[in-house]
Amino acid sequence: MPPVRLTIEAKHSSARAGVLHTPRGDILTPAFVPVATKADIKGIESAKFPSLGVQTLIANTYHLYLSGLDAVEKGGGVAKFMNWNGPTMTDSGGFQVFSLGTGFGKKISKFTPEKKDLQQNGLAKAPEGSEDPRGSFDGDLSSSAPAVYDEDLATSHGKLAIVDDEGVSFTSHLDGSLHRFTPERSVEIQHRLGADIFFAFDQCTAPTDSYEEQKEAMERTHAWAKRSLSTHRQNLDANTKQGIYGIGQGGQFDDLRRESARTIGNMGFDGFGLGGSFSRKYGDHSLQSALAMLTELPEGMSVHGLGVGEPEDILLGAAHGVDTFDCVTPTRNGRNGGLYTKRGKIQIPNAEHQYDYSPIDEGCQCPTCQNHTRAYVHHLFRTREILGPILASMHNIYFLTKLCSDIRESILNGQFEQFKNSFLETYKGN
RNA sequence: GCGUCGGUGGUAGAGUGGUCAAUUACACUUGGCUGUAAACCAAGCGCCUUCGGGCUACGUAGGUUCGAAUCCUACCCGGCGCA
């Protein structure tokens, strides 16, 4: 019996409600998975999770590898280390390849280590015949540019990562030191982190990337998936304790998406990760166009939506059969003053809330709304008190976990469509 | 009373004859945030505008100058020192 498996309880068209069984407990799906990048949901201690409807969380391989890996491992893995006795996940670090590298601009920064520098350091294999593997490095690769950390350059979003077929060479955003991830290395680190569910190392793309770029990243992701899976399957101990999800890519191209789902779906993974980057800056339909791929997956395979977390997108994803969603939206928006309400998002620091003594969201059962007013949270933001972002994050997390449990209930009751339409009507203010 | 230093936009504080409607920070107004390099980032922030520009502004009132927040005079206000 695989350590991670999904039991589907009810379906409503493609939407489904189920139970995702993991070694550390069951997750009722659809479920929202808060992001705990560095082994904490920013601002929220684990004792608070139950009151926020949190069933599981996802930590990050890249960040924990750069700081804290040994301590996490010796502390018994991500879950035990943070004193959370529920299921956990880890992301593979593949997204950082994107966000630290190809995702930022098209101009190579002089901060970026060159391939030859990396090779000199024994960090990179020469990708034969691929001087320009992604076709996006229009910087001058031949001039000598030292891979030295420079805060100004770092904060101006220079690229910190270079991809080749073997893996990714990158410089730490913390101290500029050189590192290298391969699929094998990512899996080994994730074994040490010990989450119930972890992801194969992939290459994430932006929906705006060209067909050629998407195809190349997808094929590389498939090759890496195979290597990730094989590395995992060779570790018999880890196989009994952890499930591995493969990630599909393909950008906005339906043929690539479907091909990716078929390929990854038939490799023997314990679940499927819907890959990509669905920020609105890439348009309003990047998620929509990616979701069709899910119909190519084997029946009953669990699906995780990576980085899908706006309420509309969770509803959209759930409608297409996504079981779990992770996203930074509740915590990042919360810290920055953006709060979810049934009637849409509000900016709590804005002047209109100064004397509003009603709760953030009328009828909300979260600890913040049960105990505090908009005026109070507004005041905490204005005075830059740390409690403001904490209360805001708690509310937002609850909002999204509640949305997922409402979706689940509506599917079990055969009312998903009605619930979805009614929620969106109120949320969008129509 | 005498001497001295100083009075700049919501605040602090630059500027010390033209490139100044005035650097910068904070405050303020608003927008953004989708597998977290994010307790972050961005825009706006005298009035009017056909967006070319126009008008009023650097304690108050005069003056010098082609031109003044910047120089001069008087006055008002504040700090400090001496009586």
Side-chain angles (χ1 to χ4, degrees), chain A residues 32-38 40-43 57-64 66-67 89-101 103-104 111 149 151 153-161 170-176 197-207 245 247-249 273-284 286-287 290 304-314 316-317 322 324-340 345-347 349-352 354 380-393 396 400:
Chain A
F32 181 74
V33 184
V35 173
T37 303
K38 292 178 261 193
D40 74 310
I41 299 177
K42 294 188 193 301
L57 53 87
I58 182 166
N60 192 281
T61 299
Y62 166 85
H63 298 270
L64 290 177
L66 285 180
S67 43
M89 306 182 182
T90 52
D91 193 7
S92 62
F95 180 74
Q96 277 63 42
V97 174
F98 163 73
S99 69
L100 301 175
F104 279 130
F111 175 40
Y149 182 70
E151 192 169 52
L153 287 169
T155 54
S156 67
H157 288 175
K159 285 185 192 173
L160 307 187
F170 59 93
T171 52
S172 161
H173 70 281
L174 300 172
D175 62 9
I197 295 169
F198 70 97
F199 287 85
F201 192 58
D202 70 314
Q203 182 182 354
C204 186
T205 57
Y245 280 36
I247 298 176
Q249 294 290 352
L274 174 71
S277 180
F278 305 113
S279 166
R280 284 275 178 267
K281 69 186 171 194
Y282 299 124
D284 291 336
S286 60
L287 175 62
H304 179 83
L306 288 152
V308 178
E310 287 296 344
E312 304 99 309
D313 293 340
I314 288 176
L316 181 64
V322 179
T324 50
F325 304 83
D326 81 77
C327 202
V328 304
T329 47
T331 42
R332 182 186 289 168
N333 278 318
R335 280 197 309 288
N336 295 336
L339 300 233
Y340 291 103
K345 230 184 287 182
I346 63 168
Q347 291 293 323
N350 283 9
E352 61 179 311
Q354 188 172 11
L380 295 175
F381 268 90
R382 285 308 183 102
T383 51
R384 299 192 70 79
E385 285 297 298
I386 195 165
L387 186 57
I390 291 172
L391 292 179
S393 295
N396 280 350
L400 294 181

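In the text below, chain A, chain B and the rest are named by the order of the sequence lines, each starting its count at 1.
Nucleotides of RNA chain B nearest to A:Gly94 and A:Glu352 differ in position, and the one nearer the 5' end is that of A:Glu352. When each of A:Glu310 and A:Asn350 is assigned the nucleotide of RNA chain B bearing its nearest heavy atom, the one mapping closer to the 5' terminus is A:Asn350.
One finds the CG atom of A:Leu380 at 6.0 Å from the CG atom of A:Leu391 (value rounded to the nearest 0.5 Å). The CG atom of A:Asn333 lies 4.5 Å from the OH atom of A:Tyr340; values are rounded to the nearest 0.5 Å. Atom CG in A:Leu57 sits 5.0 Å away from atom CD1 in A:Ile41 (nearest 0.5 Å).
When the side-chain nitrogen and oxygen atoms of A:Arg382 are compared with OP1 and OP2 of B:rC28, one or more of them lie within a distance under 4.0 Å. The shortest distance between the side-chain N/O atoms of A:Ser277 and the OP1/OP2 oxygens of B:rG35 is not below 4.0 Å. A sub-4.0 Å separation between OP1 or OP2 of B:rU34 and a side-chain N or O of A:Arg332 is present.
A:Phe32 and A:Phe325 have their aromatic ring centers separated by at least 6.0 angstrom.
Taking atom P on both B:rU8 and B:rC58, the two are 11 Å apart, rounded to the nearest angstrom. When the P atom is compared between B:rU60 and B:rG52, the two are found 33 Å apart, to the nearest whole Å. With P as the reference atom, B:rA38 and B:rA22 are 36 Å apart, rounded to whole Å. If you take atom C1' in B:rG54 and the same atom in B:rU49, they sit 8 Å apart, rounded to whole Å. Nucleotides B:rA14 and B:rC76 are separated by 25 Å at their C1' atoms, to the nearest Å. Nucleotides B:rU73 and B:rU64 have their C1' atoms positioned 11 Å apart, rounded to a whole Å. B:rA21 sits 32 Å from B:rG31 when the P atoms are compared, rounded to a whole Å. Of the C1' atoms belonging to B:rU56 and B:rU29, the separation is 23 Å, rounded to the nearest Å.
As rounded to whole Å, 13 Å separates atom C1' of B:rU36 from atom CD1 of A:Ile41. Rounded to whole Å, atom C1' of B:rU34 lies 13 Å from atom CD1 of A:Ile58. The CZ atom of A:Phe95 sits 6 Å away from the P atom of B:rU36 (whole-angstrom rounding). If you take CZ of A:Phe98 and P of B:rU34, they are 10 Å apart, rounded to a whole angstrom. Taking atom NZ of residue A:Lys38 and atom P of nucleotide B:rA38, one finds them 6 Å apart after rounding to whole Å. Counting to the nearest Å, the P atom of B:rC28 and the CZ atom of A:Phe381 are 14 Å from each other. Rounded to an integer number of Å, the gap from A:Asp202 CG to B:rG35 P is 13 Å. The CG-P distance, from A:Asn336 to B:rA38, rounds to 11 Å in whole Å.
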**Request:** Could you check A:Val308 against A:Val322 for side-chain contact (heavy atoms from CB on, under 4.5 Å), going step by step and ending with a plain yes or no?
**Result:** CA-CA 10 Å; A:Val308 178; A:Val322 179; over 6 Å; no

**Message:** Walk me through whether A:His304 and A:Ile197 qualify under side-chain contact (heavy atoms from CB on, under 4.5 Å).
**Reply:** CA-CA 10 Å; A:His304 179 83; A:Ile197 295 169; over 6 Å; no

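Heavy atoms of A:His63 sit under 4.0 angstrom from primed sugar atoms or phosphate atoms, though from no base atom. Within the nucleic acid shown, A:Gln96 comes within 4.0 Å of sugar-phosphate atoms alone, with no base atom in reach, counting heavy atoms only. No contact: A:Gly388 has no heavy atom under 4.0 Å from any strand. Within 4.0 Å (heavy atoms only), A:Asn333 reaches at least one base atom of the nucleic acid. Residue contacts for A:Thr37: at a heavy-atom cut-off of 4.0 Å it reaches a base atom on one of the strands shown. In this structure, A:Arg384 reaches the sugar-phosphate backbone alone: every heavy-atom distance under 4.0 Å involves primed, P, OP1 or OP2 atoms, never a base. Contacts of A:Leu287 with the nucleic acid, taken as non-hydrogen atoms under 4.0 Å apart, are absent. Here A:Gln249 lies in heavy-atom contact (under 4.0 Å) with a base.
Distance from the side chain of A:Val35 is smallest to B:rU36 among B:rG31, B:rU30, B:rU36. You'll find that the side chain of A:Leu306 is closest to B:rG35, out of B:rA39, B:rA37, B:rG35. Proximity note for A:Leu100 (side chain, C-beta onward) versus B:rA37, B:rU34, B:rC33: the nearest is B:rA37. Among the nucleotides B:rA37, B:rA39, B:rU34, the one closest to the side chain of A:Leu160 is B:rA37. When the nucleotides B:rA37, B:rU36, B:rU34 are ranked by their closest atom to the side chain of A:Thr329, B:rU34 comes out on top.
Under the 90° criterion around 0 for the glycosidic angle, B:rG52 counts as syn. Glycosidic conformation of B:rA37: syn, with the torsion inside 90° of 0.
Applying the salt bridge (Lys or Arg N to Asp or Glu O under 4.0 Å) criterion to A:Lys38, with sequence neighbours excluded, gives no partner residue. Every residue meeting the side chain to side chain donor-acceptor pair (under 3.5 Å) condition with A:Tyr62, not counting sequence neighbours, appears here in chain and number order: A:His173.
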**Prompt:** Taking only Watson-Crick and G-U wobble pairs with both distances under 3.5 Å, what dot-bracket line describes RNA chain B, where [ ] shows pairs that cross earlier ones and | shows pairs with another strand?
**Reply:** ((((((((.[[[..)..(.....]]].(((((.......))))).(((....)))...[[[[[..)....]]]]]))))))).

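For the side-chain contact (heavy atoms from CB on, under 4.5 Å) with A:Asp91, the lone residue among A:Phe199, A:Tyr245, A:Phe198 that qualifies is A:Phe199.
Judged by distance alone, with hydrogens and angles left aside, the side-chain atoms of A:Asp202 form no donor-acceptor pair with the main-chain N or O of A:Ser92 at under 3.5 Å.
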